[in-house]
Amino acid sequence: GDSVTQMEGPVTLSEEAFLTINCTYTATGYPSLFWYVQYPGEGLQLLLKATKADDKGSNKGFEATYRKETTSFHLEKGSVQVSDSAVYFCALRTRGSEKLVFGKGTKLTVNP
Amino acid sequence: DTAVSQTPKYLVTQMGNDKSIKCEQNLGHDTMYWYKQDSKKFLKIMFSYNNKELIINETVPNRFSPKSPDKAHLNLHINSLELGDSAVYFCASSPGRGGEETQYFGPGTRLLVL
């Protein structure tokens, strides 16, 4: 079945450091890929998405590129802020499926 | 102007009780979902409805019963609550059933069973 594997957390960085959170996937169909963010005590918000190979999703300084050859969708940000502290979820959804399949989440803490 | 709302936000109850969680979306979406997030933050879909029709029913105990009175509402009723039901339950909605479409999540209902 479809699955998403994210790097284990937690990740702790200093402000202005570079962030990478790895995400790889296995899918039977051709998936759309998503990154969601969950701030403490809140629900999930869509951060960015990509729907086909080589697409780059971007939002709030975060970027991720859909790499079909490596089945990856790694999340990057050049300079993190304290306000980026949250749990980040990689997810996929294949065409014709209503299900979002999530990775286990990566907790990011950014210290001043 | 909340897009997806859930009530209650917190729910503390005793084992064996029956409880309901309500969800409403004002986005005009056709599809709604229930997800369960366990203590390790792992998220898994439970149910999905499209225009009041059940389209996803994962391997969830039949103590859990979703009800969709109209396409803007999807409620979750849980009978005979167990300790293992303690989790955060998220409602979500999307415009339709396509794989590209974004799902919009509610703030979550934190259920604690004692």
Side-chain angles (χ1 to χ4, degrees), chain A residues 1-11 21 23 25 27-53 55 57 59 66 85-109, chain B residues 2-7 9-10 21 23-25 27 29-51 53-60 66 74 87-110:
Chain A
D2 298 345
S3 67
V4 175
T5 303
Q6 281 181 244
M7 63 185 285
E8 294 280 336
V11 174
I21 301 178
C23 171
Y25 67 89
T28 50
Y30 197 143
S32 294
L33 301 173
F34 305 82
W35 276 100
Y36 279 83
V37 58
Q38 184 178 25
Y39 297 104
E42 297 184 12
L44 279 77
Q45 303 173 25
L46 178 70
L47 182 59
L48 53 85
K49 71 177 186 180
T51 57
K52 60 183 187 295
D55 267 2
N59 186 24
Y66 190 142
S85 298
V87 181
Y88 292 82
F89 293 91
C90 186
L92 69 81
R93 193 178 183 194
T94 51
R95 288 209 182 110
S97 170
E98 291 76 25
K99 288 197 298 187
L100 260 179
V101 176
F102 285 91
K104 292 190 175 182
T106 303
K107 183 176 181 181
L108 170 67
T109 301
Chain B
T2 304
V4 182
S5 58
Q6 295 178 227
T7 53
K9 192 170 181 180
Y10 298 96
I21 306 172
C23 178
E24 176 180 1
Q25 54 94 4
L27 297 167
H29 289 169
D30 287 340
T31 309
M32 296 184 72
Y33 311 81
W34 278 110
Y35 288 86
K36 179 180 180 181
Q37 185 177 45
D38 64 22
S39 58
K40 295 184 179 177
K41 298 287 190 184
F42 185 56
L43 270 158
K44 194 162 191 291
I45 191 164
M46 301 172 70
F47 301 104
S48 176
Y49 271 72
N50 178 262
N51 279 322
E53 178 190 349
L54 181 66
I55 54 173
I56 294 177
N57 185 352
E58 292 291 287
T59 47
V60 175
L74 180 61
V88 182
Y89 292 85
F90 287 102
C91 178
S93 72
S94 66
R97 301 172 65 171
E100 299 180 3
E101 294 185 352
T102 299
Q103 293 184 16
Y104 296 83
F105 283 76
T109 295
R110 283 147 186 82

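Below, each value reflects all heavy atoms present in this structure, side chains not excepted, and no hydrogens, waters or symmetry copies. Numbered from 1 within each chain, the chains take letters A, B, ... in sequence-line order. Here the structure is a predicted model, which means the values were calculated and not measured.
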* Structure fact -> Taken in chain and number order and not counting sequence neighbours, the residues that satisfy ring-ring contact (aromatic ring centres under 6.0 Å, His included) with Y49(B) are none
* Asked: Which bit of L46(A) is near chain B, if near means a heavy-atom gap under 4.5 Å: side chain, backbone, both or neither?
  -> side chain
* Which pair of heavy atoms, one from F105(B) and one from L44(A), lies closest together, and at what distance? -> CB-O, 3.4 Å
* Are any side-chain N or O atoms of R110(B) and backbone N or O atoms of G41(A), one a donor and one an acceptor, separated by less than 3.5 Å? -> yes
* Could you walk me through whether F89(A) and Q37(B) pass the side-chain contact (heavy atoms from CB on, under 4.5 Å) check? -> CA-CA 12 Å; F89(A) 293 91; Q37(B) 185 177 45; 3.4 Å; yes
* Structure fact -> Residues at least two apart in sequence or cross-chain that pass side chain to side chain donor-acceptor pair (under 3.5 Å) with T31(B), listed by chain then number, are N50(B)
* Asked: Which heavy-atom pair separates Q103(B) from Y36(A) by the least distance, and what is that distance?
  -> O-OH, 2.8 Å
* Are F90(B) and Q38(A) side-chain neighbours, meaning at least one heavy-atom pair lies under 4.5 Å? -> yes
* Contacting moiety of K44(B), where chain A heavy atoms sit under 4.5 Å -> neither
* Structure fact -> Most heavy-atom pairs under 4.5 Å with chain A, out of I45(B), V88(B), I56(B), belong to I56(B)
* Are K99(A) and E58(B) side-chain neighbours, meaning at least one heavy-atom pair lies under 4.5 Å? -> yes
* CA sep, side-chain torsions, deciding dist, call: Y35(B), L100(A), side-chain contact (heavy atoms from CB on, under 4.5 Å) -> CA-CA 10 Å; Y35(B) 288 86; L100(A) 260 179; 3.3 Å; yes
